[in-house]
Structures are given as C-alpha cells and as structure tokens.
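In what follows, every chain begins at residue 1, and chains take the letters A, B, ... in the order their sequences are listed.
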Amino acid sequence: MTSIPEYMTAKHRECDDVFSEAEAAVAQENWSLALDKWQCFAQELTKHFEQEEGKLFPEFEQATGMTSGPTQVMRMEHQQMRALVQDLDNALAAKNKDEYLGLSETLMVMMQQHNMKEEMMLYPMMDQHLSDGEQIIEQFKAD
Amino acid sequence: MNISGLSFNALPPIDLPFRFFISAPILVLLCAGIILFSGEAMWLSRWHPSTLAVTHGFTLGFITMVMMGALLQLLPVIGGIGIAKPRLIATSCHGLFTLGTLSLMANFLWPNAWLLVISFLLLSLGLGIYIAALAWVLVKKLSQGDAIIGFRFAITALVIVFFIGLLLLARTQAGFYEWGWPTFLVEKLSTKALTDGHAIWGLVGWVGLLIISVSFQVIPMFHVAPSFPTIISRYLPAIIFLILLGMFVDIAITLNIIVLLHGVYAISLFLVIAKRKRKVPDNTIRYWLLAATSLLLFNGFYFFPEAYLTQEILTSKTLILAAFFIYFYLVSVIQGMLLKILPFLSYTHLQQRCLSHFSAMQFIPHMHEFLQKKHGLWLFNFHCFTGIVLLMTIMMPSIYWLLSIMLFVEFCWLLKLMYQAITLYYKTLNKIKLSVNE
C-alpha cells in the first residue's frame with residue numbers, strides 16, 4: 001500500500017523528469033522529440049491536477065472543514081499553470097526556442113514552489129486527516 | 001504537524017528583500033573605493049585598517065546583507081510561515097544593519113570611541129532584532145526539511161560570531177582589561193585566537209552553513225537533480241557546527257577537519273549536479289560549479305606541503321585562502337542565487353497578485369524577460385575575471401587599481417540587473433492594477 005505523500009510526490013518527480021527531457025530537446029532544437037515529450041508531460045500534469053481537484057482536495061476539505069484555505073490556493077495555482085502550459089504549447093508550435101525556454105524556466109519555478117507547499121505541508125496534512133488515503137491511491141493506480 | 005498560522009501566501013512585500021539586495025552591491029562599490037584610495041599598503045597584512053574595513057564590507061555589507069534579504073523570502077516558502085510584522089522588522093533591521101556596517105567600516109579606517117559605540121549599538125540592534133524574529137519562526141516545527149535544521153545552526157553561529165565580534169571591539173578600548181573580565185577570557189583567548197574564531201564562525205558557521213543548507217533544497221529542486229546523500233544532508237551541518245565548537249580547544253585540528261569536510265561537500269555538489277536531469281545551459285549552475293571547484297582548489301592549496309611553496313606565496317597564504325573561500329566560493333554562490341531569486345521574486349509576487357485576477361496573468365513577463373540569460377553570463381564572466389585579478393593583487397599589490405576597477409564594473413552590472421528586474425516589476429504591476437481597476 002502506498003501513502004498519499006509517497007505516491008503524489010513520486011508523480012511530481014515523474015513530471016519533472018519528462019518536463020526536463022522536453023526542455024533539453026528544445027534547447028537542442030530537436031522539435032519532434034520535444035513535441036513528444038511535451039505532450040507526455042502535459043497529459044501527466046492534467047491527470048495529476050484532476051486527481052487532486054476531483055478527489056483529494058474535496059475529501060480533505062470535507063474532513064477538515066478548511067474550504068477556503070490551502071486547497072483553494074492550490075486550485076488557483078493550477079489554473080495559472082494551465083495558462084503557462086497553453087503559452088508553452090504556442091511557443092512550441094511556433095518553434096520559438098527563446099520564448100519556450102523563458103516560459104519553461106517560469107513554469108519550472110512555479111511548479112517547484114507549488115510542489116514544495118504540497119509535499120511539505122498539504123500531503124502530510126492529508127495523510128493525517130484522510131483515513132482512506134491508501135485506498136484512494138490504489139484507485140489512482142488502477143485508473 | 002502544527003498547522004495553525006500556516007499560510008501559503010505569506011510572502012513578505014517585494015520591496016523588503018529588494019532593499020537588502022540593492023544595498024549589497026552598493027557597499028561593495030564602497031569597498032572598491034577604499035581599495036583604490038588605500039593603495040598597495042593594505043595588501044601587506046590582514047590587520048591593516050583598510051583590509052579590515054573591506055573584509056567587513058564584503059562579509060557584512062554584501063554576503064550577510066543578501067542572506068538577510070533572501071531568508072525573509074525563503075522562510076515562508078520552505079517553512080510555510082514568515083516573520084511577524086515583516087515591514088516593521090525588515091525596515092528597522094535593514095536601516096540599523098546598513099548604518100552599523102558603515103560605521104564599523106569607518107571605525108576601522110578612523111578609529112574613534114564614538115564610531116565604535118555607534119557601530120556597536122546599531123549592529124547589536126539590527127542583528128539582534130533580526131535574529132530574534134527569525135528564531136521565533138525557526139523554533140516552530142512547521143516542516144521537517146533538512147534546510148530548516150541547517151538554518152537553526154547557521155543562526156546560532158551568527159549569534160556566536162556577533163558576540164566574539166563585540167568582545168574584539170571591546171578589547172580595542174583602553175581600560176578593557178580593568179573591567180573585571182573572567183581571567184580565562186583575557187588570558188586563554190588571545191586577540192589573534194578570537195579574531196580567527198570570529199572569522200571562521202562567520203565564514204564557515206553563519207554563511208557557510210546557510211549556503212550548504214540552501215543547496216540541499218534548491219539544487220535538486222530547480223535543476224531536477226537527485227537529493228544529496230542523506231548522510232550529507234542530514235548530518236553535515238550538525239557535524240560542521242560541532243567541530244567548530246572544538247576550535248576553542250585546538251584550532252589547527254579543527255581547521256583541518258573543517259577544510260576536509262568542505263572538500264567532501266564539494267564532491268557531493270559535483271555528483272549531484274552531474275546527475276541533474278535538467279541540462280539546459282544555466283548561469284546558476286556555472287556559479288555552483290565554480291564554487292565547488294574553488295573548494296577543491298582550497299583543499300589542495302591548504303594541504304599542499306609548505307616546503308614546496310615560495311616565500312612570497314607562504315606570506316600570502318592566509319589572504320589567498322580567504323580569497324578562494326570568500327570570493328570564489330561564498331560570493332559565487334550568492335551571485336548565482338541572486339540570478340535565480342531576482343526574476344523569481346518579481347514573477348512570484350505578480351503571479352500571487354493574479355491569483356484572484358486570472359485574466360491579468362497575460363501581462364506578466366516570463367523569467368528570462370526579468371533577467372536575460374546573456375546578462376547573467378556577463379556577470380559570471382566579470383566575477384571570474386575579478387576573482388583572478390584579486391589573486392594577482394594579493395601577489396602583486398601594485399595592480400590594486402585594476403581590482404578596484406573590476407569590482408566597480410562587476411557590481412555596477414549586478415546593480416543594473418537588479419534595477420532592470422524591479423523596474424519591469426513595477427511596470428507590470430501598474431498594467432495589472434489598471435486592468436483590474438484597482
């Protein structure tokens with residue numbers, strides 16, 4: 001059985017890895033590889049956000065009664081990251097290397113700050129308050 | 001886990017860290033001026049008044065100044081909580097600390113009882129309030145990161161540095177020995193031993209431990225690198241701190257171990273950086289590599305058999321080692337971090353403002369627009385060249401003027417990068433405000 005912090009943190013690392021591969025491919029102007037890796041990253045990110053917004057956040061809010069606290073900030077940051085992903089999509093389509101690398105650095109910094117808040121505070125808090133955390137993760141794995 | 005007081009949006013207002021950052025290069029420009037006007041004489045001894053003024057200009061005015069600003073910003077991100085009443089505390093600490101540093105530098109150049117008392121009071125208040133505000137945050141167990149543990153050691157080291165410094169200042173006063181001090185303070189601890197203690201606790205304990213702890217957090221995070229080996233990230237800061245305590249017993253052995261431990265840290269830095277997955281060219285990584293290389297060279301030079309060194313090199317050994325440690329290691333890491341922090345801060349503050357005004361996100365420039373990569377690379381090149389000129393000046397003091405010019409160029413450039421980032425920040429902020437009719 002895997003805990004919420006363990007599983008969700010591992011997913012962050014997987015996203016970072018494929019994100020870096022896409023970025024390295026852009027730096028080398030290998031556009032087909034870049035597109036491949038980037039799409040893979042975007043899919044993983046979307047799935048991760050859906051798991052949090054669709055399941056983990058509502059469960060946490062219900063268990064703690066904190067509806068306008070950390071989860072609300074996380075949701076708003078997700079929305080901002082989606083906007084950056086859209087900008088990166090456009091930069092990639094236009095094969096604009098400098099624009100892509102500037103935006104990817106930005107998304108990287110934003111993701112890392114966001115991840116740190118989740119990994120160091122929110123996930124451990126979820127682990128404490130959600131008694132069925134491991135079952136939820138099993139469900140995520142099966143999806 | 002204590003979640004009361006936890007805030008995900010506890011960033012202090014941007015002008016607070018920025019006033020520390022902007023003051024730092026200005027103090028180095030002052031050091032460049034002192035070097036120019038002091039001529040060759042200051043390179044003959046570490047005890048020369050100008051040398052003392054310049055070392056404190058660098059260590060307090062640049063290194064500690066930037067660290068104080070950066071910690072204000074890092075704590076809410078890493079620990080989930082910021083200092084209480086940030087504006088009041090940051091403003092008063094910044095003012096007191098800056099004036100304290102200036103009066104201390106002036107006191108070294110023109111020794112005077114009034115300047116001494118003023119610098120003593122200003123630095124005590126400035127650092128004292130800052131340490132107390134930070135300690136208030138650090139004693140809370142908000143998160144269990146290794147970085148937070150290292151921060152605690154670093155702040156404790158700062159307290160020790162500060163008290164040794166006060167003792168040293170007090171000793172310069174006529175009548176000090178009649179003040180009824182405990183005998184061991186006067187007899188066992190010579191002024192030289194205390195000065196060494198003050199310098200080493202400052203450079204290795206305060207700044208060094210802070211940099212090492214921050215590196216555990218930021219290198220894996222921003223460069224998608226593996227974490228540092230647990231034995232290093234969990235125990236290295238504590239071991240360094242404990243061994244530093246030993247310097248009051250046997251300074252030579254303590255120093256040997258401390259130097260070796262920094263060699264181990266440098267190797268782990270190389271390994272972690274080599275295994276990073278994010279391979280895009282990055283100026284901050286260049287600075288980290290320069291810092292790690294310098295630590296290894298420092299080790300090589302420190303342990304090199306003295307019989308094979310020329311008399312000139314032997315005479316300047318302490319200054320050369322200090323140049324490696326301060327300029328090529330500490331200042332390198334700090335500049336590398338600034339290249340990340342400046343655009344990061346500007347972006348994050350604007351991004352937080354747009355959390356509730358999503359449509360205004362379109363106005364925020366990306367990180368490379370706040371600080372262009374090629375401009376960062378220029379800073380790195382200037383820094384390397386200035387460092388080489390510094391080593392040459394130690395061996396050939398007659399080229400002191402070149403060092404002064406290079407310091408001026410390098411730190412004016414840094415100031416320009418800061419000015420550009422903050423100007424773009426305020427321009428964008430205005431656009432956002434207009435668009436949401438604030």
Side-chain angles (χ1 to χ4, degrees), chain A residues 12-13 15-28 64 66 69-84 86-88 91 97-125 127-129, chain B residues 1-3 6-11 76-81 142-145 147-148 217-218 220-227 276-282 284 340-341 343-348 350-352 354-362 364-374:
Chain A
H12 283 167
R13 295 294 97 79
C15 281
D16 288 348
D17 288 356
V18 60
F19 173 90
S20 308
E21 286 169 354
E23 198 182 35
V26 171
Q28 291 161 1
T64 58
M66 293 169 77
T71 45
Q72 197 47 32
V73 179
M74 296 295 101
R75 277 199 189 89
M76 291 192 280
E77 289 189 358
H78 286 175
Q79 196 190 4
Q80 291 186 328
M81 279 189 262
R82 286 188 180 106
L84 273 175
Q86 184 65 50
D87 291 344
L88 276 148
K97 180 176 154 182
D98 289 344
E99 178 76 3
Y100 183 97
L101 292 178
L103 287 166
S104 68
E105 175 91 355
T106 313
L107 179 58
M108 187 68 195
V109 161
M110 195 158 159
M111 277 196 304
Q112 295 307 330
Q113 263 218 101
H114 178 83
N115 292 353
M116 192 140 77
K117 293 176 199 165
E118 291 187 338
E119 291 168 22
M120 297 183 96
M121 290 167 271
L122 192 58
Y123 295 157
M125 276 153 63
D127 208 30
Q128 269 182 352
H129 291 98
Chain B
M1 177 178 290
N2 171 14
I3 59 170
L6 175 72
S7 165
F8 277 5
N9 286 323
L11 291 178
V77 179
I78 294 180
I81 188 168
L142 280 162
S143 74
Q144 299 300 326
I148 293 283
Q217 197 87 43
V218 297
M221 193 164 112
F222 289 129
H223 306 287
V224 191
S227 297
R276 77 189 188 282
K277 293 207 170 125
R278 201 163 173 235
K279 297 274 191 188
V280 282
D282 185 276
T284 305
K340 281 265 182 276
I341 291 176
F344 159 80
L345 268 188
S346 314
Y347 184 87
T348 305
L350 294 169
Q351 173 245 324
Q352 294 282 329
C354 290
L355 276 178
S356 46
H357 304 294
F358 181 68
S359 61
M361 270 284 279
Q362 54 173 316
I364 311 182
H366 60 63
M367 293 265 291
H368 291 176
E369 288 170 291
F370 282 108
L371 204 156
Q372 291 182 34
K373 275 209 155 174
K374 60 178 181 195

Relative to chain A, which segment of [X] carries a heavy atom at a distance below 4.5 Å: side chain, backbone, both, or neither?
X	result
B/Gln372	neither
B/Met221	both
B/Lys373	neither

Point-to-point distance, once rounded to the nearest 0.5 Å, from [atom1] of [X] to [atom2] of [Y]:
X	Y	atom1	atom2	result
A/Ser20	B/His223	OG	NE2	11.0 Å
B/Met361	A/Arg82	CE	CZ	12.0 Å
A/Thr106	B/His368	OG1	NE2	7.0 Å
B/Arg278	A/Phe19	CZ	CZ	5.5 Å

- Can you say whether A/Met110 sits under 4.5 Å from chain B via the side chain, the backbone, both, or neither, judging by heavy atoms? side chain
- Go through the atoms of A/Glu21 and report whether side chain, backbone, both or neither lie under 4.5 Å from a heavy atom of chain B. neither
- Query: Under 3.5 Å, is there a donor-acceptor pair between the side chain of A/Gln80 and the main chain of B/Gln351?
  - Reply: yes
- Task: May I have the step-by-step check of salt bridge (charged side-chain N to carboxylate O under 4.0 Å, His left out) for A/Glu105 and B/Lys340, ending in yes or no?
- Result: CA-CA 10 Å; A/Glu105 175 91 355; B/Lys340 281 265 182 276; 3.0 Å; yes
- Report the option among B/Ile364, B/Val280, B/Asp282 that has the most heavy-atom pairs separated by less than 4.5 Å from atoms of chain A. B/Val280
- Item | Contact leader toward chain A among B/Glu369, B/Met367, B/His366, B/Lys279, where contacts are heavy-atom pairs under 4.5 Å | B/His366
- Can you tell which of A/Asp17, A/Leu107, A/Asp87, A/Leu101 has the highest number of heavy-atom pairs within less than 4.5 Å of chain B? A/Asp17
